[in-house]
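Just so you know, these numbers use all the heavy atoms, side chains as well, and skip hydrogens, waters and symmetry mates. Position 1 is the first residue of the sequence, and the numbers go up from there.
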Amino acid sequence: MRKLVSVVYIVLVLLLGAATFVEQARGNAYASEHIYHSGWFCVLWGILVVASVAWIVRRRLWQRLPVFLIHVAFIIILGGAATSFLTSKEGQIHIRTGTAENMFYNPKEKQMELLPFALRLNAFNVEYYQGTEAPSDFVSRVSIVQKTQKAGEKIISMNHILEHQGYRFYQSSFDSDHQGTILTVNYDPYGTPVTYFGYALLALAMMWTLLARGEQFRNLLRSPLLRRGLCLLLLIFPNTILLSPISTLLTPLSSLLTPNSINARSIPTISREKADKTARMQVIYNDRVAPLNTLARDFTTKIYGRPTYKGLSAEQVVEGWLAKPEAWKNEKMIKIKDAQLRKQLGIEGKYASMADLFQPAHGAGGTGTGGFEYKLNRMETHSKPVRELDEKVGLILMLTNGTLIRPRPADVAPLSDLRVNAELLYNRIPFSKVLFMVNLTLGLLTFALLVWAASRQRQPRFGGLRVVLWGVFVFYLFGYVLRWYVGGRIPLGNGNETMQFLALAIMLTALLIGRRMPHVLPFGFLLSGFAMLVAWLGENNPQITPLMPVLSSPLLSAHVSLVMMSYALLAFTMLNGLFALILTAVRHHPAANAQDPTPNTQDPTPSAQLSLLLLYPAVFFLAAGIFLGAVWANVSWGRYWSWDPKEVWALITLMVYAVPLHRQSLPAFCRPMVLHAYLAAAFLAVLMTYFGVNYFLGGMHSYA
């Protein structure tokens, strides 16, 4: 029976991964019809459930009640999903203002369905962030009409649903004239409660497993090497960061970090003193009120690749283009990364001027009567380098024709001096750039030292390294909190921000573990350095924007935070496994590390103990994050699971990392080197989930 469970489990993991690429090639409808919603796919899950139940009975797993309840919870969740698939109805209803509608279209049945009541649309409106054209919410005001009775007015908006007689209505879309609304209809009175009960039971069972005496996690905590300090990992909750800004500190720090103008050339522009005052001018940028400094830095960084140009500040660059575009058009400040494109344009070096990108129109040469032709018009616009260059040219033209800068309207509340000072400070400190260099350098050096020392049976001393890591952590935390304060929301809304949070989580994890196991401190530097590097690469186009309406939910921060905490812990298990494998190769000895004297025993060595200790909360954080995201999805658009590529790969990652926790059923994982090799390779699933889906597969989660 164990072999049957293992085979079906592996087949499902491989099948799920392949299905995401089939969806990318053939479309979501094809993948849903032929894979996700097909009979044979459901049968596979059914076989897994039946075989798992038989194995649970054979192993008498109820004798370990917390672990037993975890497996029962997953069976209930799958049962709820099957119930939803068989009994639920979903579709869309379109209502125009002043009319009532009691029919909705069911795409699954390809027919209209009758509601037991009617919905009347009283009004629809789009709400905007103050002073901008960025939607903050979409609101339908409806009344329920049933027989001769008419209920009071109800509101349907993003993350605010209407539920009546088992039917739930979600804001989906609207007519271009704002006189009609399109609502998603969901009727699932049986499957959703079953699934939610499974989620609740799973959360309870996971916490019980971590706390129960006699379970492996508590046994690991009682290890003489690991028992102190590591239990603090369970207390980490990312939303406890409190912001206490001190206005008197921000102003002098901002002035100290003002760029030096010693290398400025005599290019026509405003003075540095005037530029410093201009930096504080409040404008509408990226659909929010911001100081001009943010727009100017983004503009200069986008065009030139740096926030300053030949000693001139970003404000001087912007004001120079506005005042003297005829002079600035000859400045070679437009960065072109692609060598082939530079060759096609006849440009030497990495930079071009606006004048380099235009040529006399055909037939105009020498006559003085012709115009100029844009060179990119003759190139294939689908080429990424051409699109990027064209975007830069477009930004310059928007600036010079007066459409890029939008002053703050008088009816929009201004930012306080504290907010302006905070944003200026955040803009002028390159947190990610400085710290990725520091952390990667220290991480590589100390990791090499660690391998060298351990291969010679020596214990490296990292006392001062922990102090340095604390300093880096506090400094980066200060930048993260500044971003939180400036943006007015928790910075978890896009890839750049989640990488910043991941770097913080990794450093905090290393600091807590490093009290008893100093050799993990290089791991903290190395992993956080890579996370900061990715964040810095994303800051080539820095943006601090309001959230899309669907992201304006308190479930967002909890969902993303739990997943990021899981990734941080899994990254440590990966690097710990690599470290053990490297030592084995360097020393030509089967020991996992210098402190693992009994490599052939079935008992976990200290390095394996560390990986297992991190693996339990990592898997539980990931499971909680996934299912909390499912609740959020159900609240937002009426489905708690839609087989989106990101959802599928998150499920794959959970299934992959759940395997080593079954050490009693899979004794191979009792061997330290097998465990280390597996955890090192398993991190590829995390990389695919976080990066691969975004770059290769897309899906609904691309909205962030």
Side-chain angles (χ1 to χ4, degrees), residues 301 305-307 337 426 428-455 460-480 482-483 491 494-514 517-542 564-565 567-583 586 593 610 614 679-680 683-684 686-688 690-692 694-695:
T301 302
R306 300 177 184 175
K337 299 179 182 179
Y426 180 82
R428 290 171 182 172
I429 301 179
F431 291 97
S432 296
K433 181 179 181 180
V434 172
L435 294 184
F436 97 72
M437 294 179 178
V438 172
N439 283 26
L440 272 185
T441 301
L442 288 176
L444 291 171
L445 290 176
T446 54
F447 186 76
L449 175 62
L450 179 64
V451 174
W452 177 84
S455 65
R461 298 181 180 273
F462 290 135
L465 196 63
R466 191 165 184 268
V467 177
V468 175
L469 187 57
W470 265 116
V472 172
F473 172 76
V474 172
F475 183 63
Y476 206 56
L477 178 62
F478 173 66
Y480 189 81
L482 268 182
R483 187 178 182 97
N494 55 47
N496 177 19
E497 293 173 346
T498 55
M499 291 309 293
Q500 292 184 32
F501 180 84
L502 180 61
L504 288 170
I506 288 172
M507 287 188 284
L508 183 58
T509 302
L511 287 167
L512 295 175
I513 300 175
M517 303 189 72
H519 77 273
V520 305
L521 293 174
F523 300 175
F525 277 102
L526 198 58
L527 294 171
S528 64
F530 279 115
M532 292 175 186
L533 173 60
V534 175
W536 175 73
L537 293 174
E539 288 173 2
N540 289 333
N541 297 308
M564 288 297 105
M565 281 301 304
Y567 289 171
L569 297 177
L570 294 177
F572 272 93
T573 66
M574 177 272 296
L575 203 53
N576 190 50
L578 286 178
F579 176 56
L581 295 173
I582 290 172
L583 283 185
V586 169
N593 61 33
L610 174 62
L614 298 178
L679 292 178
F683 197 70
L684 293 173
V686 175
L687 296 178
M688 182 63 194
Y690 191 82
F691 295 106
N694 293 337
Y695 285 104

Do [X] and [Y] come close enough that some side-chain heavy atom pair is under 4.5 Å?
X: Met564; Y: Tyr690; answer: yes
X: Leu465; Y: Pro522; answer: yes
X: Thr301; Y: Arg306; answer: no

Please round to the nearest 0.5 Å and tell me the distance separating atom [atom1] of [X] and atom [atom2] of [Y].
X: Met507; Y: Leu477; atom1: CE; atom2: CG; result: 8.5 Å
X: Leu521; Y: Leu511; atom1: CG; atom2: CG; result: 7.0 Å
X: Met574; Y: Phe523; atom1: CE; atom2: CZ; result: 9.5 Å
X: Leu445; Y: Leu526; atom1: CG; atom2: CG; result: 10.5 Å
X: Leu570; Y: Leu679; atom1: CG; atom2: CG; result: 8.5 Å
X: Leu527; Y: Ile506; atom1: CG; atom2: CD1; result: 5.0 Å

Counting N and O atoms only, with roles assigned by atom type, does the side chain of Arg483 sit under 3.5 Å from a partner on the main chain of Tyr426, one being a donor and the other an acceptor?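 Side chain of Arg483 to backbone of Tyr426, a donor-acceptor pair under 3.5 Å: no, none is there.
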For the residue pair [X] and [Y], what are the closest heavy atoms and their distance?
X: Leu469; Y: Ala510; result: CD2-CB, 3.9 Å
X: Leu502; Y: Ala568; result: CD1-N, 3.6 Å
X: Leu442; Y: Thr446; result: O-OG1, 2.5 Å

Does the side chain of Tyr476 pick up a donor-acceptor pair with the side chain of Ser528 at under 3.5 Å?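 Side-chain D/A pair, Tyr476 to Ser528: absent.
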Which residues pass the ring-ring contact (aromatic ring centres under 6.0 Å, His included) test with [X], not counting sequence neighbours?
X: Phe475; answer: Phe431
X: Phe473; answer: Trp470
X: Tyr567; answer: none

Step-by-step side-chain contact (heavy atoms from CB on, under 4.5 Å) determination, Phe525 to Val468: CA-CA 10 Å; Phe525 277 102; Val468 175; 3.9 Å; yes
Please enumerate all residues that pass side chain to side chain contact (heavy atoms under 4.5 Å, CB included) together with Leu687, with sequence neighbours excluded.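 Partners of Leu687 by the side chain to side chain contact (heavy atoms under 4.5 Å, CB included) criterion, ordered by chain and then number, come out as Phe683, Leu684, Phe691.
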Determine, step by step, whether Val472 and Asn439 satisfy the side-chain contact (heavy atoms from CB on, under 4.5 Å) criterion, reporting the C-alpha distance in whole Å, the side-chain angles of both residues, the deciding distance to 0.1 Å, and the verdict. CA-CA 8 Å; Val472 172; Asn439 283 26; 3.4 Å; yes
